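Scroll down for the structure; my scribbles are underneath it.
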Amino acid sequence: MLELSQASLHRALGDPVLGSIGFLNEVMSRYPAAISFAPGAPHLANLTGFDPSPYIDTYVAHLMDSRGISQTRARQMLVEYGPSRGLINGLVAQALKSDYSIDVPAEAVVITVGAQEAMLLTLRALFGSAGDLLAVASPCFGGIAGAARLLDIGMVPVNDTGQGLDFRQLEMTCRAARARGQRIRAVYVAPDFSNPAGTLLSHDGRLQLLDIAEREDFLLLEDATYGFTAVPGGELPALKTLDRHGRVIYLGTFAKICLPGARVGFAVADQVVRDPAGRRHILADDLALIKTVTTVNTSPLCQAVIGGMLLQHNGSLAALGAARAGIYRRNLALLLDALDRQLGGTGDLREAVTWNRPSGGFFVRLRLPAEANEELLEVSAADYGVLWTPMSLFYLDGSGHDEIRLSCSYLDPGEIAEGVSRLAAFINRLPV
Ligand SMILES: Cc1ncc(COP(=O)(O)O)c(C=O)c1O
């Protein structure tokens with residue numbers, strides 16, 4: 001049999017950034033009885049036994065109404081290939097306007113196979129030359145880092161201070177890149193409870209970041225995945241809402257507010273692009289064009305399910321999010337309470353174990369008095385029946401060695417309590 005050398009394949013395939021999800025799934029499959037704080041997957045509440053039919057019916061009725069077509073034609077549209085830009089763009093554009101004052105035409109929205117594809121299309125469109133660099137938070141969501149690696153896009157990490165990106169370092173990074181004949185083309189940022197750090201960027205921080213983007217001439221890729229988990233009344237405006245200069249490309253997903261298996265997300269790219277002949281179009285046209293040679297179109301059936309869910313919540317993304325957010329706020333509060341009870345207090349070990357207190361999102365970042373590597377994860381899984389994610393998987397430079405990420409999204413209250421007891425038993429055995 002022909003044998004291919006790994007070295008002859010794309011170099012991203014040997015990169016730990018791409019391997020991290022597979023690694024965690026593999027560990028979880030070997031310890032099925034362990035309680036896992038590893039996956040950032042949405043909770044299955046209300047999804048077990050999920051029946052898509054009523055949502056599809058709602059969307060079909062909407063198609064008939066809004067397009068003046070027969071039921072047969074509307075149903076046909078769901079089983080054919082569809083437009084690469086998507087079917088439910090208008091619904092999403094309306095929701096963005098009424099919920100978040102993001103005022104863009106339906107054509108500026110591209111419906112994608114999850115936010116992951118939105119990232120891939122956006123990166124492919126924006127990064128045209130080898131000197132263009134992507135700045136990412138350190139630690140950073142593996143999905144964006146993996147996509148950038150796959151596309152051979154150079155990345156520069158910028159410290160996440162716990163309050164957001166280190167703005168001084170970001171500015172210095174921009175200047176240093178220019179001095180080398182390169183440029184920071186875009187900055188990826190998840191301002192609402194980032195994955196993995198749980199960081200929330202303040203209102204003032206958002207304005208500052210937009211100012212820096214304007215001054216240093218880069219685009220912002222705003223990942224809005226966890227914004228829906230904010231405490232009601234405490235939501236901050238999206239960067240895209242505050243953006244006065246067209247600097248922000250907004251990336252969203254229905255994975256956490258509807259269902260992950262539908263694989264529906266979107267990109268909002270209303271930036272004007274001028275072609276060599278001086279004609280103008282919008283960036284979303286380019287994303288849709290790239291999509292014609294990647295996934296062709298997002299499954300119309302899946303879009304119908306999501307469209308129906310949106311319509312059944314008065315066409316509001318915020319209402320959809322609110323319907324799911326309670327579970328995550330409850331779980332996060334339970335996780336933080338359990339950590340306080342089991343690991344709070346004084347003493348050498350107690351003081352060496354610290355964690356942040358995000359007010360939303362799925363993740364808590366916890367520091368250990370030991371190297372949180374794969375071997376330690378094995379000990380935790382085999383001897384204590386509890387899993388977590390080594391934070392080093394989220395650092396481009398392999399740092400973050402003494403940190404772990406705890407995700408509370410997938411678990412039930414009893415599992416969170418038991419899981420933290422096990423985690424405390426494990427940590428209590430660590431040498432200080
Ligand atoms: C920050 C962030 N962005 C995007 C995604 C991916 O979203 P999707 O499932 O829609 O591809 C995730 C999923 O975990 C995430 O944590």
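Treat the numbers as computed from the prediction; the structure is a model and nothing was measured. Both counts, for ligands and for their atoms, begin at 1 and track the order of listing.
For atom 14 (O) of ligand 1, the closest non-hydrogen atom of the protein is K256 NZ, 2.9 Å. For atom 16 (O) of ligand 1, the closest non-hydrogen atom on the protein side is Y226 OH, 2.6 Å. Summary of contacts: the protein heavy atom closest to atom 1 (C) of ligand 1 is D223 OD2, 3.3 Å.
Within the listing of ligand 1, atoms 3 (N), 4 (C) sit less than 4.0 angstrom from a heavy atom of M119. Ligand 1 places these atoms under 4.0 Å from at least one heavy atom of N195: 1 (C), 15 (C), 16 (O). Every atom of ligand 1 with a heavy atom of R263 under 4.0 Å away is listed here by number and element: 8 (P), 9 (O), 10 (O), 11 (O). When each atom of ligand 1 is checked for a heavy atom of Q116 under 4.0 Å away, the hits are 11 (O). Set against the non-hydrogen atoms of T253, the atoms of ligand 1 under 4.0 Å away are 7 (O), 8 (P), 10 (O).
No donor-acceptor distance shorter than 3.5 angstrom exists from the side chain of Q342 to the backbone of V420, with no hydrogens or angles considered. Under a 3.5 Å cut-off, the side chain of D270 and the backbone N or O of V104 do not form any donor-acceptor pair.
Inclusion of A115 in the set of residues having an N or O under 3.5 Å from an N or O of ligand 1 is warranted. Considering both main-chain and side-chain atoms, Y188 never comes within under 3.5 Å of ligand 1 through any nitrogen or oxygen pair.
Between L133 and I153, the closest side-chain pair of non-hydrogen atoms is not below 4.5 Å.
The side chain of A255, and not its backbone, has at least one atom closer than 4.0 Å to an atom of ligand 1 (non-hydrogen atoms only; side chain from C-beta on).
Residue contacts with ligand 1 leave out F363, since none of its heavy atoms falls under 4.0 Å from the ligand. Put simply, no part of F254 is less than 4.0 Å from ligand 1, judged by heavy atoms.
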Quiz item: What's the verdict on ring-ring contact (aromatic ring centres under 6.0 Å, His included) for F193 and F363, showing C-alpha distance, side-chain angles and the deciding distance?
Solution: CA-CA 8 Å; F193 317 115; F363 309 105; over 10 Å; no
Exercise. Tell me, with the steps shown, if F228 and D192 meet side chain to side chain contact (heavy atoms under 4.5 Å, CB included).
Key: CA-CA 9 Å; F228 76 101; D192 300 296; over 6 Å; no
Exercise. Take L334 and C408 through the test side chain to side chain contact (heavy atoms under 4.5 Å, CB included) and record every step on the way to the result.
Key: CA-CA 9 Å; L334 288 173; C408 62; over 6 Å; no
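Closest approach of G246 and Q271 over heavy atoms only: O-NE2, 2.9 Å. When all heavy atoms are compared, the tightest approach of A34 to R422 is CA-NH1, 4.2 Å.
The option with the heavy atom closest to atom 15 (C) of ligand 1, from among F141, F362, F266, is F141.
Heavy atoms of other residues, nucleotides or ligands lying less than 6.0 angstrom from CZ of R30 number more than 12.
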